[in-house]
Amino acid sequence: MDAQTIIARRVAKELRPGNLVNLGIGIPTLVANYVPADLKVFFQSENGLIGTGPIPEQGMAHPLLTDAGGRPISALPGAATFDSAMSFGLIRGGHVDITVLGGLQVDAGGHLANWMIPGKMVPGMGGAMDLVSGAKRVIVAMQHAAKGKSKIVARCNLPLTSARPVDLVVTDLAVIAFPGGKATLLETAPGLTVAEVLAVTEAELAIPDAVPEMTL
Amino acid sequence: MDAQTIIARRVAKELRPGNLVNLGIGIPTLVANYVPADLKVFFQSENGLIGTGPIPEQGMAHPLLTDAGGRPISALPGAATFDSAMSFGLIRGGHVDITVLGGLQVDAGGHLANWMIPGKMVPGMGGAMDLVSGAKRVIVAMQHAAKGKSKIVARCNLPLTSARPVDLVVTDLAVIAFPGGKATLLETAPGLTVAEVLAVTEAELAIPDAVPEMTL
Amino acid sequence: MKAVSAEEAVAMIPNGARIMVGGFMGVGTPERLLDELVRQKKSGLALISNDAATPGKGVGKLFEDAQVSSMIGTHIGLNPKAQQQMLGKQITVDLIPQGTFVERIRAGGCGLGGVLTPTGVGTLVEEGKRKIEVDGKPYLLETALRADFALVHAFLADYAGNLSYALTARNFNPVMAMAADTVIVTAEHIVPVGVIAPDHVVTPGPLVDYLVANG
Amino acid sequence: MKAVSAEEAVAMIPNGARIMVGGFMGVGTPERLLDELVRQKKSGLALISNDAATPGKGVGKLFEDAQVSSMIGTHIGLNPKAQQQMLGKQITVDLIPQGTFVERIRAGGCGLGGVLTPTGVGTLVEEGKRKIEVDGKPYLLETALRADFALVHAFLADYAGNLSYALTARNFNPVMAMAADTVIVTAEHIVPVGVIAPDHVVTPGPLVDYLVANG
């Protein structure tokens with residue numbers, strides 16, 4: 001199983017019936033592919049829709065129905081549309097149960113940096129800062145390392161997305177949470193030992209007595 | 001012509017084509033009766049409607065369509081309904097061209113008091129403070145005096161509705177505006193002289209060279 | 001979203017709860033929930049409602065047997081019972097401008113700490129509030145308002161909890177449906193999913209916790 | 001509300017005007033007005049728009065010949081021309097969080113001086129902004145945003161200027177229709193009064209100054 005699939009499958013297991021879920025672009029988008037058919041969740045697209053469905057069949061796309069990247073989507077029965085003030089009212093007001101976002105760095109305190117690399121082109125934060133500040137539960141879905149460097153760092157040196165710590169980080173190697181503000185290794189990817197994860201993780205991780213493997 | 005009719009007729013002359021108008025309860029409500037049939041204005045009811053029409057015919061009232069006092073109204077073709085956040089967005093945001101309200105006192109600087117008499121039962125300001133603070137043009141429609149006392153006072157001793165001065169006061173005796181922050185007599189009621197108006201007015205009024213009679 | 005009876009819905013509301021109730025002079029108020037609040041004799045309620053309606057109508061019913069201990073609203077002029085209880089200091093009433101009332105609730109529902117409004121500047125309303133200048137203009141800082149329960153009345157509700165409203169019965173219902181820990185809804189009609197077109201949904205289903213079933 | 005041609009509508013917009021343009025990645029953008037802004041070679045525009053769309057689409061068209069001098073938005077990542085002009089300091093770009101962007105515009109349209117948001121606290125976004133505590137929680141004071149012109153795209157417009165929107169093309173259009181001195185609207189369909197039911201009107205007619213006629 002490739003890294004992205006591991007991450008998306010594991011994140012999908014966090015969704016509960018009735019959850020209102022916002023998926024960011026990239027790996028988070030893949031999560032929708034692994035939600036069991038009998039699990040009823042609502043996907044929000046922050047450009048103004050609850051009830052996002054899959055990519056429409058050939059010839060069924062409508063130019064006025066797209067995701068936040070401008071790509072055609074479908075709307076499921078029971079969908080609702082609204083303006084951006086309402087969309088971000090839902091996000092900032094804590095009505096989104098889970099947001100899944102990509103990350104550049106998450107630090108030992110759970111702080112996320114995912115919108116800016118100083119010195120590089122800054123495309124803009126879009127809705128990321130509101131999502132991290134406002135969603136009930138923030139899950140970061142990202143590769144554990146990039147170019148051989150751990151993305152789970154002692155302290156973010158990239159600009160933060162929010163002062164609010166995230167709730168869960170799911171990588172291709174590990175699941176990490178932040179109980180009491182301290183990065184804690186909850187699970188390892190199938191076939192990996194705790195020591196192997198620690199060896200490629202910059203941040204210090206608390207290790208509970210039992211660290212099971214992910215079930216995917 | 002009775003006092004209320006004079007006031008309502010004169011206020012109606014202030015409406016311009018396309019105006020969005022909010023009428024308060026009491027005398028202001030009567031203004032709608034004197035709008036020429038060919039003058040297209042929009043009436044807002046702050047409980048959530050633009051396009052308020054007359055009292056519905058027998059058997060045509062709907063319990064979910066009322067004015068701000070809870071009385072049945074009708075909606076004209078082209079009406080729009082909305083929630084209270086939008087309704088007061090329209091009001092506070094300056095989208096209401098004219099608001100017509102009753103008054104207890106207006107002072108020489110144009111300040112209005114119309115919501116509270118200390119020591120008496122205070123029913124609440126409802127939407128009055130937002131209307132006076134936000135409407136593009138505020139017109140007070142009230143009797144010139146109550147119990148023999150001028151309601152156009154030197155300085156309000158009742159609590160103000162807003163720090164913002166009103167634009168026009170129409171009474172059964174006079175029309176008064178506040179150019180440069182100074183109460184100025186623009187018109188007298190038919191048959192009344194300037195001196196007669198001044199005699200029953202507590203506030204000092206500036207008197208332009210010509211003070212015509214109201215045309216009703 | 002869970003379908004419940006009015007009895008079950010109101011049984012969840014403890015005495016002393018802070019409740020927001022939709023409606024404007026009783027129009028757009030969930031009457032079945034008000035009747036049930038009366039029947040279950042809930043007491044000490046902290047009411048957040050635009051007005052006190054009239055005796056026997058909407059939230060007006062709660063003043064018959066003095067079930068309200070405090071109220072935040074904009075006008076109580078047409079309910080003599082509410083007035084008597086206010087004058088007799090049985091209830092504390094905080095009367096605020098209507099535009100401020102709805103913005104405070106919206107802020108509570110949308111995760112804002114508050115808003116800056118010109119309404120009330122230079123009046124008694126500014127007492128005890130922070131005044132903040134922006135570009136030389138003074139505004140009052142009005143803080144967010146939330147409740148334990150929002151009691152909402154819709155025109156249509158579908159099986160997924162999507163709501164639409166009719167005419168002037170919309171009023172405060174959509175903002176209140178966002179500003180409480182638990183949202184309980186009654187509807188004039190419960191309809192299948194799809195009857196309310198996506199563009200006509202005003203309150204999306206995930207905001208609704210309980211929908212009072214027919215019968 | 002006055003019906004005009006796209007040419008007449010855009011002729012009213014002077015060079016250097018501050019314009020808000022509805023749309024999200026070009027979806028829900030008044031393309032006919034953008035085409036006309038290009039044709040009339042309007043320059044030095046201060047653009048307020050969620051994003052820079054893509055080259056040749058929506059507001060993206062304005063970057064082809066560098067008609068924009070400044071932009072307030074949330075994301076320009078999919079328009080290389082806008083990025084080049086930003087990096088080359090031909091345009092100044094103020095990138096702000098999307099929820100803050102829309103609330104600032106809403107505040108501008110609703111007569112609020114600003115809002116208090118938790119978004120951006122403890123990040124670079126708080127630089128130069130007032131931080132205000134409410135009940136011990138810090139918020140940023142984000143001020144109101146208005147424009148000279150709002151360019152809005154609706155799905156249906158009736159003869160009285162009432163507007164409704166379709167699917168995800170609604171986005172920023174309704175808030176922008178309240179936050180500019182002059183509001184110019186294009187619609188997919190112009191329909192008789194009454195086709196849009198009162199409960200389905202999102203932007204009431206009195207907010208619209210000019211509706212671009214067919215043909």
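Residue numbers begin at 1 in each chain, while the letters A, B, ... track the order of the sequences.
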Neighbour count >12 (heavy atoms, 6.0 Å) for atom CD1, Ile207(A): yes

Distance-only donor-acceptor check, side chains Asp130(A) and Thr119(D), under 3.5 Å: yes

Distance, nearest 0.5 Å, that separates CD1 of Ile73(A) from OG1 of Thr168(D): 6.0 Å

Among Ala85(A), Ala75(A), Gly48(A), residue most engaged with chain D (heavy-atom pairs, under 4.5 Å): Ala85(A)

Heavy-atom check, side chain of Met25(D) versus side chain of Arg71(A), under 4.5 Å: no

More than 12 heavy atoms of other groups within 6.0 Å of Asp135(D) CG: no

Rounded distance [0.5 Å steps], CZ in Phe24(D) versus CG in Asp83(A): 12.5 Å

Atom group of Ala68(A) that falls short of 4.5 Å from chain D, counting heavy atoms: both

Intermediate values then yes/no, side chain to side chain contact (heavy atoms under 4.5 Å, CB included), Glu188(D) and Leu64(A): CA-CA 11 Å; Glu188(D) 306 262 327; Leu64(A) 303 184; 4.1 Å; yes

Region of Ser87(A) that comes under 4.5 Å of a non-hydrogen atom in chain D: neither

For chain D, the option from Gly124(A), Pro123(A), Gly69(A) that forms the most heavy-atom pairs under 4.5 Å: Pro123(A)

Shortest non-hydrogen contact from Phe88(A) toward Gln98(D): CE1-OE1, 3.2 Å

Inter-residue atom distance Ser84(A).OG - Glu103(D).CD, 0.5 Å rounding: 10.5 Å

Side-chain donor or acceptor of Arg92(A) paired with backbone N/O of Gly99(D) under 3.5 Å: yes

Greatest number of heavy atom pairs closer than 4.5 Å to chain A - which of Val202(D), Asn173(D), Ile96(D): Ile96(D)

Exercise: identify the closest heavy-atom pair between Ser133(A) and Gly120(D): OG-N, 4.3 Å

Crowding at CZ, Arg39(D) (>12 non-hydrogen neighbours, <6.0 Å): yes

Between CG on residue Leu95(D) and CE on residue Met116(A), distance to nearest 0.5 Å: 9.5 Å

Per-residue contact mode, Pro118(D) against chain A (heavy atom under 4.5 angstrom): both

Member of Thr100(D), Val125(D), Leu124(D), Thr123(D) meeting the side chain to side chain contact (heavy atoms under 4.5 Å, CB included) criterion with Met125(A): Val125(D)

Structural part of Ile105(D) lying under 4.5 Å from a heavy atom of chain A: neither

Value rounded to 0.5 Å, distance of OG in Ser45(A) from CG in Leu167(D): 11.5 Å

Which atoms of Ile91(A) approach chain D - backbone, side chain, both or neither, heavy atom under 4.5 Å: neither

Neighbour count above 12 (heavy atom, 6.0 Å) for Lys137(D) NZ: no

Heavy atoms from other residues, nucleotides or ligands near CD of Glu133(D) exceed 12 (cutoff 6.0 Å): yes

More than 12 heavy atoms from other groups under 6.0 Å of CD on Glu64(D): yes

Interface moiety of Phe155(D) toward chain A, non-hydrogen atoms closer than 4.5 Å: side chain

Heavy-atom neighbours of Asp65(D) CG exceed 12 at 6.0 Å: no

Option that, when pairs with chain A are counted at under 4.5 Å, heavy atom only, ranks first among Thr74(D), Ile76(D), Asp51(D): Thr74(D)

Toward chain A, the part of Leu87(D) with a non-hydrogen atom under 4.5 Å: side chain

